[in-house]
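Atoms within each ligand, like the ligands themselves, are counted from 1 in listed order.
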Amino acid sequence: MSSITIQPAVSVSGEIVVPGDKSISHRSIMLGAIANGVTTVRGFLRGEDNMSTMHAFRAMGVEIVDDGETIHITGRGLHGLREPGDVLDCGNSGTTIRLITGLLSGQSFFSVVTGDQYLRKRPMKRVVEPLSRMGARIAGRSGGTLAPLAISGGSLKGIDYQSPVSSAQIKSSLMLAGLYADGETTVSEPSLSRDHSERMFQLFGASLVRHDKGVTVRGGVELTAQEVTVPGDISSAAFFIVAALITPNSELLIKNVGVNPSRTGVIDILQAMGGNIQLLELRDVSGEPVADILVRSSHLKGITISGSVVPRAIDEFPAICVAAARAEGVTIIRDAKELRVKETDRITAIADNLRKLGITVTESEDGMDITGSEQLLGGIVDSSGDHRIAMSMSVAALVASSTITVTDISCVATSFPSFFPLLEKVAQKSR
Ligand code: S3P
């Protein structure tokens, strides 16, 4: 279990590129694997989570070659996957396990999916229950609610499912199963979660209709291989956006970031707090909006964050909370109960860590109140094995009154292996 000690910085400046989007990278492998023809993927994120997806599809007979720049996936068509000879290990990746469980539900073979100690604690009923309604037979620990899950798929029928939570993993899992189901599969959600699956299904030629807060997929339609270019991950950029906002004398340009509106809640929130953030050179790449993001140090103010912006910023709350810790006044976060079932319980993990740095935080069931301060103390904080907690606390260290040591940082490799070298590059240290 490694740790890092980070010094305060005098500014965060320069120009950077963040690695490829994790969600889009997962989906490019999955759709490429079941399409006809060779899909190429540029900008693929080679983090541990995406490698779990890649290994799972290789284990089902898919040829995937990485030439160091581009990933080449030889698609096997909708019905060409092979029964894996062993358990599919999804590591720490919730997206891998939940999406693949939907896909495997449509296969006429037997498979078992599992993950690491954290993933095996995360709720799977949210996909198992609707997939079972479609006709999949899925067994697992705790009555099929926890991994490992054993899946006997095939013969699915489309359903009309109203998801109780806004979750792209639930939606995408059912959409993938829907590709194999008889008739139409419709998924609706309380408010729109990230829509990368919808966009990529359309790119690959799936029969798909989008409607208010939902999507309908028709089964039995073959997909066609594509050339996919993955933009930089806004979830990774978020740590650097907050770093530049809270550190004085900063000006940072982050090039080539995905700015899909279902992901830009973090920008809306930080701008509402007074953050000086500009989107430049807006363009479209492989069906996804992309921009360069220019950030300057700003005086932030506390705000209330709730409602439909929450799913649009769900992975960015660890970073947003660090901004809130430095803002003037109180930031109130509500409607964010989903944070309790991420890689760790992020509400408790953030609250505990910020308190160690001298910040007043009150937890509620679905959020927290953070009273900002100009003074963040140094100290020792723990990631709880969660990559985004580790990175957000490392950003907090840039403005602390003395060094902060973050323990258990190996998890950062799941989504952002180059995070620490990049932080080192842009954070100018005082002498
Ligand atoms: C993801 C969806 C989100 C997000 C996760 C990636 C995806 O999870 O937190 O990091 O790629 O579909 P939920 O669907 O559980 O909100």
Side-chain angles (χ1 to χ4, degrees), residues 19-31 44-45 47-50 52-53 90-103 115 118-119 121-131 147 161 163-177 187-201 213 215 230-231 233-239 258 260 262-266 288 308-320 335-347 349-350 366 386-389 391-392 411-412 414-416:
D21 187 278
K22 183 150 76 77
S23 294
I24 298 174
S25 295
H26 281 302
R27 287 157 173 81
S28 68
I29 297 276
M30 293 182 188
L31 293 194
F44 182 81
L45 171 63
E48 286 173 1
D49 279 8
N50 294 111
S52 295
T53 294
C90 304
N92 189 246
S93 176
T95 305
T96 306
I97 198 167
R98 295 205 181 101
L99 269 59
I100 226 175
T101 298
L103 186 81
Y118 304 101
L119 194 61
K121 288 194 196 113
R122 296 183 65 187
M124 295 300 144
K125 187 174 173 203
R126 49 181 57 202
V127 293
V128 169
E129 198 263 321
L131 291 170
Y161 187 65
S163 174
V165 283
S166 296
S167 157
Q169 291 181 356
I170 299 175
K171 176 171 63 178
S172 307
S173 182
L174 300 192
M175 286 172 68
L176 286 161
V187 194
S188 319
E189 51 187 343
S191 66
L192 185 72
S193 63
R194 65 191 63 194
D195 66 357
H196 304 301
S197 295
E198 290 91 317
R199 288 169 187 260
M200 204 179 280
F201 272 48
K213 291 187 183 163
V215 59
V230 181
D233 198 326
I234 192 166
S235 297
S236 299
F239 299 106
N260 178 321
S262 64
R263 296 285 299 280
T264 48
V266 60
E288 292 278 349
S308 62
V309 76
V310 172
R312 294 178 51 240
I314 194 67
D315 288 341
E316 287 66 72
F317 278 93
I320 290 166
D335 303 328
K337 202 173 165 192
E338 278 293 296
L339 293 177
R340 294 210 180 269
V341 291
K342 293 296 174 190
E343 283 80 334
T344 188
D345 177 339
R346 286 187 176 158
I347 294 179
I350 294 165
D366 66 342
D386 183 325
H387 54 138
R388 299 201 207 281
I389 301 294
M391 290 186 275
S392 58
C411 49
V412 165
T414 59
S415 69
F416 200 164

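The distance from ligand 1 to the heavy atoms of Thr95 drops below 4.0 Å at these ligand atoms: 1 (C), 6 (C), 7 (C), 11 (O).
Counting only N and O atoms by type, the side chains of Arg263 and Ser235 include a donor and acceptor under 3.5 Å apart. Between Ser23 and His196, the side chains place no donor N or O within less than 3.5 Å of an acceptor N or O (distance only, hydrogens not considered). Using a 3.5 Å distance cut-off with no hydrogens or angles, the side chains of Ser193 and Lys171 do pair a donor with an acceptor. No hydrogens or angles considered: nothing links the side chains of Ser308 and Ser191 as a donor-acceptor pair under 3.5 Å. Between the side chains of Thr96 and Thr53, a donor-acceptor pair is found at a separation under 3.5 Å. Residues Thr414 and Glu48 bring no donor and acceptor atom of their side chains to less than 3.5 Å of each other.
In Lys171, neither the side chain nor the backbone holds a heavy atom less than 4.0 Å from any atom of ligand 1. In Arg27, the part holding a heavy atom less than 4.0 Å from any atom of ligand 1 is the side chain.
Using a 4.0 Å cutoff on heavy atoms, His196 does not count as a contact of ligand 1. Residue contact annotation: Lys342 has a non-hydrogen atom under 4.0 Å from ligand 1.
Polar contact with ligand 1: present for Ala168 (N/O pair, distance under 3.5 Å). Of the polar atoms of Ser167, at least one N or O is found under 3.5 Å from an N or O of ligand 1, judged by distance alone. Considering both main-chain and side-chain atoms, Glu338 never comes within under 3.5 Å of ligand 1 through any nitrogen or oxygen pair.
A donor-acceptor distance shorter than 3.5 angstrom exists from the side chain of Ser25 to the backbone of Leu45, with no hydrogens or angles considered.
In terms of protein heavy-atom proximity, atom 11 (O) of ligand 1 is nearest to Ser23 OG, 2.7 Å. Ranking protein heavy atoms by distance to atom 2 (C) of ligand 1, first place goes to Gln169 CG, 3.6 Å.
Contact detail for Ser167 and Glu189: the closest heavy-atom pair is N-OE1, 3.3 Å.
Evaluated by nearest non-hydrogen atom to atom 4 (C) of ligand 1, the leading choice among Val127, Asp315, Val341 is Asp315.
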